[in-house]
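Worksheet: one structure, shown below.
In what follows, every chain begins at residue 1, and chains take the letters A, B, ... in the order their sequences are listed. Just so we're clear, the structure is a prediction, and the values are computed from it rather than from any experiment.
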Protein chains: 2
Amino acid sequence: MKDEEYLILIGKNISRIRKEQGLTIKELGYRCDMEKTNLIPIEKGRINVTVGTLIKISKALTIDLKELFISDVSSS
Amino acid sequence: MKDEEYLILIGKNISRIRKEQGLTIKELGYRCDMEKTNLIPIEKGRINVTVGTLIKISKALTIDLKELFISDVSSS
DNA sequence: ACATTAGGTATGATATATCATACCTGATGT
DNA sequence: ACATCAGGTATGATATATCATACCTAATGT
């Protein structure tokens, strides 16, 4: 798996879980004190996000950090 | 688990796996094209490492990225 | 005594993640 | 027609991850 693919996977997981919880990007931003100008490219896998940021996001989504790295959510 | 603790955990996992493979920090640096001035604080959990860097490191150690997040290696 | 190696720190430079603001589009609602 | 909201892009500022170099200590080897 290529680096970019990993970042895209992480972004998709964030986006999927956020939507599953019925949250908008703005609401997620409130919860983890982050800007959408940063969250949107993270969900797209366009930027090389830091672990600290992923920790903030996973806390805001009340999930374990590991869940952001799982690769096949029933091959959606 | 606090943010800093997560980074320390990741660093300890890197350090442990590197040593298990008999690699020095310099050798790991060769493999993932990184400086020890960056690798050492990462192993200490002192800097907010990026996912891209963790991907490079996990490739150099021929492990899956997820392995860097496991929390209890027989509670060492 | 000297050289080498491993881990480690200090510091200045460079790249880039993140913030802050502004603006755009399409959808939804009144 | 207008307002609002969601996702999205552009851009300049700020913080900081990473690099590059230099230096230190302790251990090991000759």
Taking for each residue the nucleotide of DNA chain D bearing the nearest heavy atom, is the 5' side occupied by A:P41 or by B:L39? A:P41
At under 4.0 Å, does any side-chain N or O of A:R46 touch on OP1 or OP2 of D:dT9? yes
Checking D:dA6, C:dA20, C:dT18 against the side chain of A:E35 (C-beta onward), the nearest is C:dA20
Contact check, side chains of A:T53 and A:M34, non-hydrogen atoms, under 4.5 Å: yes
For B:K56, does the NZ atom sit with more than 12 other heavy atoms under 6.0 Å from it, leaving out its own atoms? yes
Is A:K36 touching bases, backbone alone, or none of the nucleic acid, heavy atoms closer than 4.0 Å? base
Once you round it to whole Å, what is the distance between C1' of D:dG7 and CG of A:N38? 15 Å
A:R18 bridged to A:E43 by N-O distance under 4.0 Å: yes
Once you apply a heavy-atom cut-off of 4.0 Å, does A:T37 come out as touching a base, just sugar-phosphate, or nothing? base
Provide, to the nearest angstrom, the distance between the CD1 atom belonging to B:I57 and the P atom belonging to D:dT18. 8 Å
Return the value, rounded to whole Å, for the distance between atom NZ of A:K44 and atom C1' of D:dA6. 12 Å
Between A:R18 (CZ) and D:dA6 (P), how many Å, whole number? 10 Å
Closest-nucleotide ordering on DNA chain C, the 5'-leading residue of B:T24 and B:N48: B:T24
Would you say A:T53 reaches C:dT18's phosphate, i.e. side-chain N/O to OP1/OP2 under 4.0 Å? yes
Does any non-hydrogen side-chain atom of B:K59 lie less than 4.5 Å from one of B:I55? yes
Send over the distance from B:K56 NZ to D:dT18 P, rounded to a whole Å. 8 Å
Report the distance from atom CD1 of A:I10 to atom C1' of C:dA17, rounded to the nearest whole Å. 15 Å
To the nearest Å, give me how far apart CD (A:E27) and P (D:dC5) are. 11 Å
Taking CD1 from B:I55 and P from D:dT18, how many angstroms apart are they, rounded to a whole number? 12 Å
Describe the nucleic acid contact of B:I40 in one word from base, sugar-phosphate, nothing, applying a heavy-atom distance below 4.0 Å. base
Taking NZ, NE, NH1 and NH2 as the nitrogens, is one of them in A:E20 or A:R16 under 4.0 Å from a carboxylate oxygen of the other? yes
Go nucleotide by nucleotide along DNA chain C from the 5' end; which of B:L23 and A:V49 gets its closest nucleotide reached first? B:L23
